[in-house]
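Step one of this worksheet: look at the structure below.
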Amino acid sequence: MAGEAGATQLAAVTPAPPAAGPQPAPLPPPATSGQVTAPTAPVTRPKIGLVLSGGGARGFAHIGVLRVLEELRVPVDVVTGTSMGSIIGGLYAAGYTSRQLEEVVQTTDWDSIFNKRAPRAELDWRRKEDDYKNLSDFELGIVGGGLTLPRGLAGTQRLEFFLRSLAGPSKRVRNLANLPVPFAAIATDLETGKRVLLQKDVSLSTAMRASMSVPGAFPPVDVHGRLLVDGGVVDNLPVDAARAMGADIIIAVNVGTPLLKREALADVVGVASQLTLMMGLETIERSIASLKPSDLLLTPALDTLGSGDFGQGAALIAAGEAAARAALDRLAAYAIAPEAFAQREAQRTRFVREDGPVQIDEVRVAGTRAISPESIAAQAQDLVGREVTAAQIAPTLDRIYSSGDFEAVSYALVDEGSRSVLVITPYEKSWGYNAIRIGGNVQTNFNDDNSFNLLVAHSWRWLNRWGAEWRNEVQIGEVRRFLTEWHQPLGAGSHWFVLPRLESLRQERNLFLDTLLLTRYENKQTTSELQLGRELPQLGSVRIGIARSRLTSKALVGFPFPPQSSTGNSVLMQVRTDTLDDVLFPRRGYFSDLRYRRYTEGVGVNGVREAMSFEAILPISLGRYTANFSLRGGTTEQQGRFQLGGLFNLTGTRTGEVSGDRGLLLRTLLFRNVSDVVHLKMPVFAGLSLESGDAAPRGENLRWRDFRHAAALFVSAESFFGPVFLAAGRTFGGGAGVYLYWGRPQ
């Protein structure tokens with residue numbers, strides 16, 4: 001294998017400082033020696049090295065082994081680890097007890113750790129608005145005239161901060177040989193395929209992060225220009241590293257994932273996973289072959305537990321403990337006296353016990369190329385002069401990450417004499433800021449109510465130092481739309497912005513007489529606007545503006561009516577708040593959107609001078625059940641623009657069968673996540689929809705006694721391609737239907 005060609009040692013893992021702007025203290029270049037540092041204190045008994053393999057969630061079994069070692073008073077003199085083994089081993093070396101590690105496993109929300117973006121409530125307001133267009137989170141970068149893909153499928157921001165928070169007690173250690181128990185982690189140089197030993201001039205959190213960066217799942221860690229990925233590719237059980245650190249006796253724990261069975265090799269994902277497992281298995285076999293008779297190999301029984309079973313922490317820890325207890329006699333031979341072990345434990349755990357807040361004297365930003373460091377530093381100035389813990393730094397990093405501009409945002413604390421500097425390192429998107437996303441929706445009732453929309457959204461961010469974004473959207477299908485706009489903040493990190501935009505919208509509509517299709521017509525609206533707005537951080541935005549619009553309406557098929565056309569100037573206002581944790585099935589937060597437009601002269605079919613729309617959403621949860629209440633209504637500029645019908649909009653009624661210049665819809669969705677019932681890992685929801693609404697011509701009042709009422713039963717799966725609904729419902733006293741819907745129902 002390529003990893004057998006040699007090993008190199010990495011001397012520094014903090015990204016190189018930018019060419020200009022605030023910079024952290026300089027770090028030494030990577031070392032060329034292949035040696036690791038061994039402890040210098042003399043030891044009269046045999047030196048014990050603990051070697052922990054990678055294996056994803058299966059690595060939680062290492063904690064059960066540590067529990068038995070502590071119970072038997074077996075001292076550990078050096079630790080090496082790969083991937084999850086580097087995380088458990090590194091934290092143990094830094095001073096965590098097995099009980100503390102077990103608590104971390106049991107209390108961590110592992111699903112959120114691997115999310116690709118920040119929690120929705122914390123997102124930038126423009127990223128939140130994208131969710132209502134059913135745009136995919138997957139971006140295609142435009143580089144050199146071609147398209148490029150992200151370097152990883154899973155998110156790393158939560159993982160970055162999770163590891164850095166846990167490693168906080170050892171934040172000032174830059175040589176892992178100086179941890180309470182000397183430690184080294186294994187990574188792979190993605191460019192050369194060589195084995196990399198992470199120990200000197202490296203933080204514990206970065207060593208752990210690089211060692212477990214599974215290729216394809218997580219982006220590589222860029223360390224002084226070297227791209228590092230999971231060490232399991234070249235050395236998944238680093239016995240040799242422990243010997244190089246002076247270990248006389250090896251206790252090796254192998255939790256590596258076994259090869260997949262034939263039935264799991266039916267697609268490209270399975271085949272690729274198998275090849276990776278084969279490489280890791282070869283390195284484990286080589287390491288096991290190097291063990292001596294005096295060494296001990298523990299292999300927990302994990303046949304039914306996989307590398308992705310992060311929710312099975314208790315079972316995995318128990319399996320590790322059982323494997324260690326099966327070797328009780330051999331392990332007990334390494335035990336030391338109670339007083340000596342207690343003294344060693346007090347020394348080993350001192351970093352964790354004595355950890356406290358640190359005063360921040362300065363904030364710097366390192367490593368940016370396309371993005372202005374000033375705009376990032378401005379968001380962290382509230383930390384200067386304060387004593388803070390890792391948990392108190394987290395909201396600042398989340399706020400920076402929530403802009404959607406970075407793969408991850410990390411930090412380091414650098415001592416400069418008596419001053420402590422917080423160095424924020426944002427990892428810019430490897431695929432750049434000129435990107436395309438795809439979205440849309442499809443609806444069918446398998447009869448006479450069918451529609452589709454395909455949306456291609458292009459954005460080009462950071463076109464100047466203040467963070468300008470140029471956005472273009474093209475939509476085809478039932479709605480044909482073109483939008484171009486320029487979002488310009490009024491300063492680095494400013495919440496104020498201007499938004500010039502041009503939009504052309506065409507939509508074909510059906511006009512019904514009761515249930516009889518009378519005619520099909522087309523509404524067209526072209527609008528140019530200039531808006532001035534202010535972002536309300538983590539809440540929404542307020543905007544005012546001026547606009548000029550041209551409105552036309554003409555019959556296409558059926559009963560003819562003369563074409564209508566008008567042009568008018570207007571002033572507008574919009575207030576939008578959004579704290580929902582999810583747009584599809586929210587359980588917390590709220591949403592409101594109020595829009596008002598006043599024309600200087602009458603426009604549209606009826607000479608409208610004012611138009612208003614409003615929408616509100618409020619979910620209320622009790623246990624696993626949620627009632628999501630929503631309200632939508634308003635008046636429009638054009639005839640028949642407010643339409644009801646289709647899924648969750650008077651289910652069973654054809655789209656557009658209820659329409660008018662004004663309307664109102666009230667809806668309640670009662671739902672629950674039933675993934676645990678159907679034993680699927682993807683989110684699956686089941687629920688009931690209750691709907692009431694009506695629409696009327698301008699000048700007529702909406703009366704509750706005229707409202708139509710509907711209900712539907714549904715199931716929905718959040719697939720890789722977006723949400724898919726299967727529903728059946730009816731409008732009481734009207735039609736009924738079975739629906740298949742891809743996208744987010746409006």
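Both backbone and side-chain heavy atoms feed into the values below; hydrogens, waters and symmetry mates do not.
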Parallel, tilted or perpendicular, as decided by the 30° and 60° cut-offs, for the rings of Trp110 and Phe60: tilted
So, are Arg120 and Asp581 salt-bridged, with charged N and O less than 4.0 Å apart? no
Flag, side chain of Asp398 to backbone of Tyr401, donor-acceptor distance under 3.5 Å: no
Would Val74 and Leu72 count as a side chain to side chain contact (heavy atoms under 4.5 Å, CB included) if you check the C-alpha gap in whole Å, the side-chain angles of each, and the deciding distance to 0.1 Å? CA-CA 6 Å; Val74 175; Leu72 296 178; 3.9 Å; yes
May I ask you to say whether Arg576 pairs ionically with Glu535, meaning some side-chain N is under 4.0 Å from a carboxylate O? no
Check this for me: does any side-chain nitrogen of one of Arg73 and Glu345 sit under 4.0 Å from a carboxylate oxygen of the other? no
Is there a donor-acceptor pair under 3.5 Å between the side chain of Thr579 and the backbone N or O of Ala121? no
Compare all side-chain heavy atoms of Asp361 with those of Val384 and state whether any distance is below 4.5 angstrom. no
Is the shortest side-chain heavy-atom distance between Leu204 and Leu176 below 4.5 Å? yes
Before accepting this row, confirm whether a basic side-chain N of the pair Arg127/Asp124 lies closer than 4.0 Å to the acidic partner's carboxylate O. yes
Which heavy atom in Ser83 sits nearest to a heavy atom in Gly54, and how many Å separate them? CB-CA, 3.8 Å
Salt-bridge test for Glu129 and Arg126: reply yes if a basic N is under 4.0 Å from a carboxylate O, no otherwise. no
Under 3.5 Å donor-acceptor, Gln392 side chain and Thr389 backbone: yes
Heavy-atom check, side chain of Ile87 versus side chain of Met212, under 4.5 Å: yes
For the pair Glu416 and Arg364, find out whether any cationic side-chain nitrogen is under 4.0 Å from an anionic carboxylate oxygen. yes
Could Arg587 and Asp582 be called an ion pair, given the rule that one side-chain N must be under 4.0 Å from one carboxylate O? no
Are Glu191 and Arg226 ion-paired here, with the side-chain N under 4.0 Å from a carboxylate O? no
Checking Ser211 side chain against Ala207 main chain: does a donor-acceptor pair fall under 3.5 Å? no
Between Thr188 and Arg195, is there a donor-acceptor pair closer than 3.5 Å when you use the side chain of the first and the backbone of the second? no
Would Val409 and Tyr427 count as a side chain to side chain contact (heavy atoms under 4.5 Å, CB included) here? Give the steps. CA-CA 6 Å; Val409 180; Tyr427 295 95; over 6 Å; no
For the residue pair Ile376 and Thr368, establish whether any side-chain heavy-atom pair is separated by less than 4.5 Å. yes
Keeping Asp578 on the side-chain end and Leu580 on the backbone end, is there a donor-acceptor pair under 3.5 Å? yes
Do the ring planes of Tyr132 and Phe591 sit parallel (below 30°), tilted (30 to 60°) or perpendicular (above 60°)? tilted
Tell me if a side-chain donor or acceptor on Arg67 pairs with a main-chain N or O of Thr97 at a distance below 3.5 Å. no
Rounded to the nearest 0.5 angstrom, the OH-OG1 distance for Tyr96 and Thr349 is 11.5 Å
